Amino acid sequence: MASLGAGGFAPLVPGQGAGWAKLAAAVEAQVPPAEIDTIYVFQPIKRQGREWGTAVVTRKSVGPEGRLRVYTARYMLVVRGKERGQSKIEVEEVALSPAEVLAQVMQATVDRGGDTEPPVELGPAVWYEGR
């Protein structure tokens with residue numbers, strides 16, 4: 001059983017929760033979990049009864065260049081009100097990139113966006129363990 005954090009709520013686990021589970025299923029429809037290299041999870045935003053989350057998923061490339069296929073995955077989940085549980089999910093392939101360039105892009109995204117925390121880097125087991 002998880003211990004309760006400040007305010008009596010269970011602490012948030014990066015990439016875990018109802019919205020992330022729906023997003024993981026949508027990613028799996030496009031990218032076999034065995035081919036996922038890394039999942040970068042940005043801190044979700046909660047406002048006005050809705051939650052928005054973004055992840056960048058990298059897929060191992062077949063080519064000799066050692067490049068990764070990069071996908072942006074986003075969700076919006078209604079967490080309060082009559083429409084609770086409804087969601088909107090988007091998964092889009094956006095780039096082909098060397099791993100070292102991707103790390104620089106992740107940091108630049110944080111710097112430009114004004115986020116205080118960089119995305120959390122997760123392995124595919126967080127979403128697909130036991131499958």
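Just so it is clear, the structure is predicted and the values come from calculations on it, not from any experiment.
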(request) Would you give the length of the straight line joining atom CE of Met76 to atom CD of Gln86, rounded to the nearest 0.5 angstrom? (result) 8.0 Å
(message) Give me the atom names and distance for the closest heavy-atom approach of Tyr128 to Ala24.
(response) OH-O, 2.7 Å
(request) Drop me the distance from Lys88's NZ to Leu23's CG, to the nearest 0.5 angstrom. (result) 13.5 Å
(request) For residues Trp52 and Arg47, report the shortest heavy-atom separation together with the two atoms involved. (result) CZ3-O, 3.6 Å
(message) Quick check: do Ser97 and Arg67 have side-chain heavy atoms less than 4.5 Å from each other?
(response) no
(request) Quick one: closest heavy-atom pair of Pro33 and Pro124, and the distance? (result) O-CB, 4.0 Å
(request) To the nearest 0.5 angstrom, please state how far the CE atom of Met106 sits from the CD atom of Glu121. (result) 10.0 Å
(request) State, yes or no, whether a side-chain contact exists between Val126 and Ile39 at a heavy-atom distance under 4.5 Å. (result) no
(message) Is it the case that the side chain of Glu83 and the backbone of Val78 share a donor-acceptor pair, with hydrogens and angles ignored and the cut-off at 3.5 Å?
(response) no
(request) Just do the side-chain contact (heavy atoms from CB on, under 4.5 Å) check on Tyr75 and Lys22 with the steps written out, would you? (result) CA-CA 8 Å; Tyr75 74 87; Lys22 290 178 181 227; 5.9 Å; no
(message) Quick one: does any side-chain atom of Thr72 pair with a main-chain N or O of Glu92 as donor and acceptor, under 3.5 Å?
(response) no
(message) To the closest 0.5 Å, what do you measure between OG1 (Thr58) and CG (Leu96)?
(response) 11.5 Å
(request) Could you tell me the separation between the CZ atom of Arg59 and the CD1 atom of Ile36, rounded to the nearest 0.5 Å? (result) 8.5 Å
(request) Compare every heavy atom of Lys60 with every heavy atom of Ala34, then report the nearest pair and how far apart it is. (result) O-NZ, 3.4 Å
(message) If you compare all heavy atoms of Gly15 against all heavy atoms of Trp20, which two are closest, and at what distance to 0.1 Å?
(response) O-CB, 3.0 Å
(message) Between Glu51 and Lys46, does any NZ, NE, NH1 or NH2 come within less than 4.0 Å of an OD or OE carboxylate oxygen?
(response) yes
(request) Would you name the heavy atoms of Gly85 and Leu77 that are closest together and state the gap between them? (result) O-CD1, 3.7 Å
